[in-house]
Amino acid sequence: MSTMTTPAATEESKAREAANAGPEPKPLDALHTAHGDTTIADQVVEKIAGIAAREVPGVYAMGSAVGRAYTSMTQRMPGQQQSVSGGVSIEKGERQTAIGVSIVVEYGVSIVEVADNIRDAVIKSVEYGTGLDVVSVDVNVTDVHLPAEYETGADSTPAPSTGSATLA
């Protein structure tokens, strides 16, 4: 008699092999090594992105007017540090992050160039500093900072002298 292998036996052996194999190993990268995992807090990514964005020429301030006013008040309290992450928001996963930056630009600069320079600086700084892959950097321009002469409403004509004057 000849012995035949039944299809059920083949399926059973495949199922046993799959059960013995266990879960697939996690892919390794800079943050996930054979020796352990590295986790990075959201605040770390926010600070790195904030510092990088502030260093770009043409950026006057970070955040919206309300956010800057609140930060200014809270920083006056004793023991408070200057916030470098104001105006930065992130969404972070294990290996990737998306960053949003709100800025005030100087009057007279190209907003397009400033935004491109912010994207380049933030991507380089965050990817180098954290090992995370930056998938996007959204730049939100909330205001334009005008030179002092525009802010005060002063014009270029000198004010009249307060000394003695003769009337004709």
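The residues of the chain are indexed from 1 along the displayed sequence. A quick note: this is a predicted structure, and the numbers were derived from the prediction, not measured.
Taking OG of Ser89 as the start and CD of Glu46 as the end, the distance is 7.5 Å to the nearest 0.5 Å. How far CD1 of Ile40 is from NZ of Lys92: 6.5 Å, rounded to the nearest 0.5 Å. Residue Tyr107 holds its OH atom at 13.5 Å from CG of Asp143, rounded to the nearest 0.5 Å.
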Test Asn140 against Val101 for side-chain contact (heavy atoms from CB on, under 4.5 Å), laying out the working first. CA-CA 6 Å; Asn140 179 24; Val101 179; over 6 Å; no
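The two residues His145 and Val104 make their nearest non-hydrogen contact at N-CG1, 3.7 Å. Ser102 approaches Thr142 most closely through the heavy-atom pair CB-CG2, 4.1 Å. Here the closest non-hydrogen pair linking Val114 and Pro57 is CG2-O, 3.8 Å. When all heavy atoms of Met62 and Ala53 are compared, the closest pair comes out as CE-CB, 3.8 Å.
The side chain to side chain contact (heavy atoms under 4.5 Å, CB included) test with Ile90 singles out one residue from Val44, Val126, Asp42, Ile48, and that residue is Asp42.
Taken together through direct or relayed side-chain contacts under 4.5 Å among Ile, Leu, Val, Met, Phe, Trp and Tyr, Val59 and Val144 form part of one hydrophobic cluster. Hydrophobic clustering (side-chain heavy atoms under 4.5 Å, transitive across Ile, Leu, Val, Met, Phe, Trp, Tyr) keeps Val135 apart from Ile118.
Under a 3.5 Å cut-off, the side chain of Ser125 and the backbone N or O of Ala52 do not form any donor-acceptor pair.
Looking at Leu31 and Asp37, their side chains never come closer than 4.5 Å, going by heavy atoms from C-beta outward. Looking only at side-chain heavy atoms (C-beta outward), Gln96 and Leu132 stay at 4.5 Å or farther from each other. Side-chain atoms of Ile103 and Val105, non-hydrogen and from C-beta on, do get closer than 4.5 Å to each other.
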